[in-house]
Structures are given as C-alpha cells and as structure tokens.
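Below is one structure, written out as structure tokens; comments come after it.
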Number of protein chains: 2
Amino acid sequence: MKNVTIRALAKELNLSVSTISKALRDSYEISEETKQRVLEVANRLSYTPNPYASSLRGKKSKNIAVVIPEIADSFFAIAINGIEAVVKEKGYHVLICLTHESFENEKAILREFGSGRVDGVLMSVSSETTSCEHICDLMDKEVPVVFFDRVLDEVDTDKIVTNDFESGYAATRHLVEKGCKKIAYLGISKSLAISNNRMEGYKKALADHHIPFEASDIVLCTNDPAYNIEIVKELLQRKKRPDGIVASVEKLTTTVYLACNELQLVIPQQLRIVCFSNLEIATILHPSLTTITQPAFEMGKSAATVLLKALDKKNNGQPKKQLVIPSTLIIRGSSSI
Amino acid sequence: MKNVTIRALAKELNLSVSTISKALRDSYEISEETKQRVLEVANRLSYTPNPYASSLRGKKSKNIAVVIPEIADSFFAIAINGIEAVVKEKGYHVLICLTHESFENEKAILREFGSGRVDGVLMSVSSETTSCEHICDLMDKEVPVVFFDRVLDEVDTDKIVTNDFESGYAATRHLVEKGCKKIAYLGISKSLAISNNRMEGYKKALADHHIPFEASDIVLCTNDPAYNIEIVKELLQRKKRPDGIVASVEKLTTTVYLACNELQLVIPQQLRIVCFSNLEIATILHPSLTTITQPAFEMGKSAATVLLKALDKKNNGQPKKQLVIPSTLIIRGSSSI
DNA sequence: GTGAAAGCGCTAACAT
DNA sequence: ATGTTAGCGCTTTCAC
C-alpha cells in the first residue's frame, strides 16, 4: 500500500492540495461542507501527514530531546514519565539521548541538534561536564534548552532543580541528631553543581553542629560499581571509621549495603545511612532505607512545561527562571531504630 | 545565527550544491582536493545537515521507535540501553513511546507511524493488547516491527524472547525442591503470552512433581500497587496458605515483601519467593531475592540488530525468526537458607 | 471559497 | 569532475 498524501486526497475529492491542507488545519477560508468531506475521506484512507514535510516546511519538528546521563536510574526513569505526560498532550515526541556520563557524547549529541532535529532540549548534564560551549552554541541557534536536576550554573536558561543544599543539610542534621559523630559524604563528581550543593549542605550542617569537617570524609565514587565498593570498604575500615554516611546518588545504595554486609557492619547500630534515592524498594530493604526523595515526576513535568512555554514564540524575552521543587527526607530504618 | 545549509557552503566555495552534497557523502565522482575543501568549510561553519530534508527526500528517517509499556521497570530501562548501544552506532535515533499498559495508547502511537516518522519499531505490547490489527496495518506499510519480550504470537515477524516457559518451570521446580508444597503464581495479564508461558511452565513443574494445581493459586495483579498488596495479603491469609510464590514481574517484588512484613511472615522459613526481576538491588534485600533474571541488555541489543538488518533492504524476504535468549535463575536468600 | 505556485534543504538522475 | 534541475509532501502567500 502506498502512503496516502495530501495530493491523493486532492485527487479523490477533485480539490486542490491547498484546499485540502487548509481544510485539515481547519482554516476559516474553507467552507464547513468541504471540511467535512475532506475529513471524511482523510479518515477513510487513514491519511496521516508526513511529519518530515511539515517539519521541513514549517521549521519545527515537534520533537524534543531529553538528554540524560542514563536511564536505568529511577530518578531519570520517573522524570521521563513526567516529561512524556506533558509533551504528549501537545503532540510532541520525546527523543531519548543518553550521554552515559561522557562529555564527548554529550557534545556530539548536542551538535546534532543544530539543524532542527528537535525544537527544544531538556537536559541533565553528564558528570564530566564542566564547560558549556556546546550548550551555548545550541542556544545561539535558537534551540531552547531547559535544565533539570543537574544544571550548569553559568548557563543563563530555565532550570528546574530540587533543594540540594537544604537536602544535604537535612540528611546530615538528621544523622547528627541520631548521634553520629563522624559522617562521610559519598559524591560522584567534583564539578557537578548538584553534588557540590548537597555537599555544601552537608558541610554546613556539620559546622552548625560543631562537628569537625575532615576532607578525607568526602569520598568520590565512579561509574564502576566494583571500584566503588572497594573505596567504600576502605572508608569503613579506617581506624577512625565514620558512623554515618550521606550517599548523594541512588546507585550508591547497593554499594553501601553490600560493603556493610561484607564488613559485617550492622545498619543502623554501627553505621547510619541516608541516601538520595527514588527507589521504590527503599521500603523493603533491610533495614529499610532512609532517603532524600526527589520529586522526579514533578521535576520532569515542570521542565517540560517550561520548555513548551519557551517554544511558544509568544512567551519570548521572558527572563530565565530557576524553579526549586523540594525533596523530602523520609526517615526509615537505616538511620534510626 | 542563521542555520548553515548546503547552499551556504556552495556559495562560500563557489561550487554547486550537488558537488557539495556529493563531497559530503564521499562520492567517487568528486576529487580528493574538493572533498577536503568542502569538509574544511563545513567544519568551520559547523554545518549539520537538516535531517528533515534528508528524510523527506530519501524516504527514511533514521529514527526507530521503542514502544514499551513503561520505563520505570528495570527490564525496559536496561533493554533500552542495549537498543541504544546498537542503533546509535548506525546513526539512528531512538524515539521512546510509552503505552502505560493501555491498548488505546498503543494503537494511537502506531497509527502515527504510518507516515514515515520512524523507519522501524521495536515493541513490547501492553498488558491489554489482545489483537494485532494495529500492528499489521503498520507492517502493511512496510514499516518493520520487531517484538521483544512481550510478543504477540499471531503476528508473523521477528521476535526476541527469553525462555519464559522454562524459567517458570525452573522457578517452580526450585521451590518444590526446597520443600514447598503449595505454590502460588502471581500474573499480570490473562492474555499476555509472556505471562501465560511462565504460568504454563509453573503448571508443568507442579504436575511433574505431583503437586496438585489449584486455580485459586493463580492471582492476577494489576497496575495498582495498593490493590495488589491487598490481594496478595488475602492470598497469604487463606486457611491453606501457600508456602511458595512465583512472581512473574519485577514490580511485584515490593508487593510481596510488604505483604509479608505486614503479616509478619518470615521469608524464606514461612514463605519462599522467586521473582522475575532485573533489579540490581535484589542482592541487598532482606533476605536477598532469588530471581529469574532476564537478559535485558542482550535482548535489547538483539532486537535492535534484527531490526537494523530488516531495515537494510538487501536482507529482504528473509523468513521471520524467533530468537530465544535464556534467563538465569539466581538463587538467593528468599528461597533458601 | 478555492486554486496555482513557490519554496523549505536535500539528493540523484542527468547533463556538461 | 562539476553543474543543473526535478521533486520528496507540505504550508502559505497571492491570485482568482
């Protein structure tokens, strides 16, 4: 079966292509009766417009890209659901682009977007990303970029974040209040604002509670789970080992629990844990995991909403905003008995 | 900054557009020297071809769609990584389309694909899907569809599955061998082949081990976690309650563990559990979870590879194949002490 | 109220 | 080895 085009409809109805086009777009120039006939035939032949012809002609693709480090992290998986819920409504499509935490990948992906493939971009930068030229280049081409979660402060654009500093603070304070005297912080990047903000919150909480901060209590994890386990075990075997841990990303949950198992450390009696995580199964871990739960779905929804607004040419020249949606500390067994 | 087109390059170099086009595609008709000059200028002006013009012209989009029920399930999240790894290599893009287990959504999504938006489709049907017209309609339009995981038997196309029957059998036999006398099966759909195959394996294992099968031991779960908990609790409070459970999908893990917590049932002493799951955190559950782990990444990779092959017109008229990649029973604490 | 025609950016068949 | 040109399917002036 050949693809049915607007021309086929025109022939079928003995009308011109432009009349068909206008009828389909419900133009006021076309009579009700004609519109009806066009619609009827379009349906009968199950006509669907060629998106590429429209895009080429109209200079817009109805695609938006979601550029994220990985997808098998429940924060991003849930956020995508939020994004999708919003953009689908407006007839947009979601292109998922994974950087796998690589700056090179991220640059290559954005470079591709310079020629209209997508109308806009929602992104969370890779853990390696420290500069923003690739993003600014894209924005110079009038492709709006909205950051969510992992933002780059120096780029002047809309951002949807959660209260990382306060969450880091809250997590740490909670551990202090539970009696921890020496709290370690597991990060994933020296440069990521998100990681640093959480860490600053951590430091501030220590300071406010007169607990000396030691640089060696900051441990930088990697993408390699095996390596992470080793350094966490090393951390937990030090002469003066921590009695509390704030883990700044979800995937470190497994690392910490496994390290404790191997070292036969009892959670929370010997080590209290708070993890930034959206894992649904936090409740059934043993002990259940105290989490800082990010509003993943809402962040995705907001990011998409803001992007769609930016795409609407009417709303231009608006100053860029940063929207903060708070996370929640959910206290469970890993930090308190 | 205006978008740089092939025409701009032509003007810059005093060449014709076709020369540029050919040079960029490394045609043998063009001299090495010219190619170099074109490449240099293209780079300098950071030219990127307009994908929609190419698509419109060439009748192919370099997009493939991944149609899946949800993304916040680690099987699908991991599978996407496998898919992406393969198609990225060939310059394809991945369009993620979520059905949210709704047949209506699934139909609407496929209908859209009738006009060239995507060159091919990888899909796992929704739990509501029982008929295949929407899929056949698309295939009639020469859009290849490859199934993975949740297939529709009646559609004659390539399929990548895992050994569901054998896995259901293995899970059940394992529980029998551990001494279970009454084993329940948690399904999610009456119609899904995947769910039924696993169940048939379960039934066969019971029969082979002379354990009477009771229809009431089959419990159909839904998309509503709260409801699921209730029916599982009901199951576990029956006069003759099961001493083993085979849960056929990942999201039921939380359900079962929570139900046991609430009822103060001790796993595995009072109830042994095997769950179909790719959750990395299975190891740190308490007790750690015995799983049937599907080869999610490999299935994604294979599905993508097969689709790309089908997209390559040279390989046409090949008979459709079904590829089975086995799952693995990983025995952990939830089924044995 | 309807139609003719130009053109979005690219490719390829067909000149030269 | 390079250039000319038609056309992919659609939208949008502009004309009738």
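First the proteins, then the strands, lettered A, B, ... as listed; each starts at 1. Quick note: numbers below take in every heavy atom, side chains included, and nothing from hydrogens, waters or symmetry partners. Everything quoted here is computed from the prediction, not taken from an experiment.
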Give the rounded distance in Å between these two atoms: CD1 of B:I6 and P of C:dC8. 14 Å

Classify A:S54 by what it touches in the nucleic acid, base, sugar-phosphate, or nothing, heavy-atom distance under 4.0 Å. sugar-phosphate

Take atom CG of A:N14 and atom P of C:dG3, then tell me their distance rounded to the nearest Å. 9 Å

For the base of D:dT4, is there a side-chain donor-acceptor partner from B:S18 under 3.5 Å away? yes

From D:dT2, C:dC10, C:dG3, nucleotide with atom closest to B:T5 side chain: C:dC10

Between CD1 of A:I20 and P of C:dG1 the distance, given in whole Å, is 16 Å

So does A:Y28 get a side-chain nitrogen or oxygen closer than 4.0 Å to the phosphate oxygens (OP1/OP2) of C:dT2? no

Check the phosphate of D:dC10 against A:Y47, side-chain N and O only, distance under 4.0 Å to OP1 or OP2. Yes or no? yes

Report the distance from atom CZ of B:R25 to atom P of C:dG9, rounded to the nearest whole Å. 18 Å

Interatomic distance where CD belongs to A:E29 and P belongs to D:dC16 [whole Å]: 16 Å

Counting just side-chain N and O atoms, does A:S16 come under 4.0 Å of either OP1 or OP2 of C:dG3? yes

Report yes if a donor N or O on one partner sits less than 3.5 Å from an acceptor N or O on the other, where the partners are the side chain of A:K59 and the base of C:dG9; otherwise report no. no

Measure up the B:H134 and B:F103 rings against each other and bin them: parallel (under 30°), tilted (30 to 60°), perpendicular (over 60°). perpendicular

B:K60 atom NZ is separated from C:dA12 atom C1', nearest whole Å, by 13 Å

Between B:N50 and B:K22, which has a closest nucleotide on DNA chain C that is more 5'? B:N50

Nearest whole angstrom, please: distance from the P of D:dT2 to the CG of B:L9. 15 Å

Rounded to whole Å, CG of B:L24 lies from P of D:dT2 at a distance of 14 Å

So what does A:S55 hit on the nucleic acid, given a heavy-atom distance under 4.0 Å: a base, only sugar-phosphate, or nothing? nothing

Main-chain N/O of B:D153 paired to B:K159 side chain as donor or acceptor, under 3.5 Å: yes

Under a 3.5 Å threshold, yes or no: a donor from one side chain and an acceptor from the other, between B:Q294 and B:T162? no

Looking at the side chain of A:L15, which of C:dC10, C:dT2, D:dT2 is the nearest nucleotide? C:dT2

With sugar-phosphate meaning primed atoms plus P, OP1 and OP2, does A:S31 contact a base, only sugar-phosphate, or nothing at under 4.0 Å between heavy atoms? sugar-phosphate

Is the shortest side-chain N to carboxylate O distance from A:K107 to A:E104 below 4.0 Å? yes

Measuring to OP1 and OP2 of D:dG9, would you say a side-chain N or O of A:S21 lies under 4.0 angstrom away? no

Within the 3.5 Å criterion, strictly below it, is a donor on A:D119 or A:S61 matched to an acceptor on the partner's side chain? yes

Using heavy atoms to find the nearest nucleotide of DNA chain D for B:K35 and B:G58 separately, return the residue whose nucleotide is more 5′. B:K35

Closest non-hydrogen atom pair, B:I30 against B:A23: CG1-N, 3.9 Å

